[in-house]
Every structure is written in C-alpha cells, then in structure tokens.
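Okay, so here's the structure we're looking at.
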Amino acid sequence: RIKICGITRAEDGVAAAELGADAIGLVFHQGSRRCVDCDAARRIVRSLPPLVTAVGLFLDADGPFVSDVISRVPLDLLQFHGN
C-alpha cells in the first residue's frame, strides 16, 4: 500500500489517488508547512474517490485537539508521532 503524505489541496489528493495512492496523509501539526486546517482537510477528504484512506497525522498533539479534529474531519486512520 502507498500513502502520499502532506496533501494540502483537494486537487492534489485526487491526483495522488489517480496515480495509485491507497491513502493520503493530512498533517495537523502547526509547525509543519504542510499543515491543513479542518475546513481544508474536510474538503480534501470529501473529494477523494471511494476506497482511498484518509490519514490524520498528529505530532505531540493533546487529546482535546485530536478530538476536535476527528469530530470535524471524516478521517479513516490516525497517525501519531512524537511523545
């Protein structure tokens, strides 16, 4: 399986899927230049074709932040980094 991470625009998510990606990664870490907000992430996820997995990437995120994101963005998987 192939995941393309750091997607910031819906058209890039669709292009990744069309090129064979099984999953796309959405970065929710403010320190990253690839960070997306919930509105952008929701647009990206809604644009994906069926069976493409949407992964939310979090770095040292606290529980309330993760809960807020997953209540607003229909993610399939969560990926945690850091402590």
Side-chain angles (χ1 to χ4, degrees):
R1 293 186 42 96
I2 298 169
K3 178 180 81 155
I4 306 296
C5 203
I7 299 296
T8 59
R9 302 179 317 155
E11 55 267 33
D12 295 336
V14 170
E18 288 174 349
L19 292 170
D22 301 295
I24 58 108
L26 302 167
V27 177
F28 293 98
H29 174 62
Q30 293 295 324
S32 171
R33 62 186 238 270
R34 297 272 183 202
C35 183
V36 292
D37 63 28
C38 287
D39 292 334
R42 194 171 39 252
R43 282 191 300 275
I44 293 166
V45 172
R46 288 181 179 163
S47 74
L48 295 174
L51 305 178
V52 174
T53 302
V55 180
L57 184 142
F58 299 88
L59 174 66
D60 292 330
D62 62 21
F65 177 72
V66 174
S67 292
D68 180 56
V69 170
I70 62 175
S71 72
R72 298 170 60 195
V73 182
L75 298 170
D76 299 306
L77 293 172
L78 305 179
Q79 180 179 345
F80 296 101
H81 291 276
N83 297 320

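The two atoms that bring S47 and V14 nearest to each other are O-CG2, 3.4 Å, heavy atoms only. Residues P74 and R42 come closest through the heavy atom pair CD-CG, 4.2 Å. Closest non-hydrogen pair, K3 versus G25, comes out as CG-N, 4.1 Å.
For the ring-ring contact (aromatic ring centres under 6.0 Å, His included) condition, the pairs that include at least one residue of residues 15-52, sequence neighbours left out, are F28-F58. Residues in residues 19-28 take part in no side chain to side chain donor-acceptor pair (under 3.5 Å) pair, two or more places apart or across chains. Among pairs with a residue in residues 66-77, those fulfilling side chain to side chain donor-acceptor pair (under 3.5 Å) read D68-R72, at least two apart in sequence or across chains. Residues in residues 44-63 take part in no salt bridge (charged side-chain N to carboxylate O under 4.0 Å, His left out) pair, two or more places apart or across chains.
The side chain to side chain donor-acceptor pair (under 3.5 Å) test applied to T53 returns R1, not counting sequence neighbours. Qualifying salt bridge (Lys or Arg N to Asp or Glu O under 4.0 Å) partners for D37, counting only residues two or more places apart in sequence or in other chains: none. Partners of L19 according to the side chain to side chain contact (heavy atoms under 4.5 Å, CB included) rule, which considers only residues two or more places apart in sequence or in another chain, do not exist here. With sequence neighbours excluded, the residues forming a side chain to side chain donor-acceptor pair (under 3.5 Å) with D12 are R9, listed by chain and number. Residues that satisfy the side chain to side chain contact (heavy atoms under 4.5 Å, CB included) test with A17, not counting sequence neighbours, are P49, V52.
V36 places none of its side-chain heavy atoms less than 4.5 Å from the side chain of V27.
Counting non-hydrogen atoms of other residues, nucleotides and ligands closer than 6.0 Å to CD of Q30 gives a total of 12 or fewer.
Between the CD1 atom in I7 and the CG atom in L57 there is a gap of 12.5 Å [rounded to 0.5 Å]. Atom CG in L48 sits 10.5 Å away from atom CD in E18 (nearest 0.5 Å). Remark: I2 CD1 to I24 CD1 distance equals 14.5 Å, nearest 0.5 Å.
Hydrophobic side-chain contacts under 4.5 Å tie V55 into a cluster, directly or through other members, with L77.
When hydrophobic clusters are built by joining Ile, Leu, Val, Met, Phe, Trp and Tyr residues whose side-chain heavy atoms come closer than 4.5 Å, directly or via intermediates, V45 is grouped together with I70.
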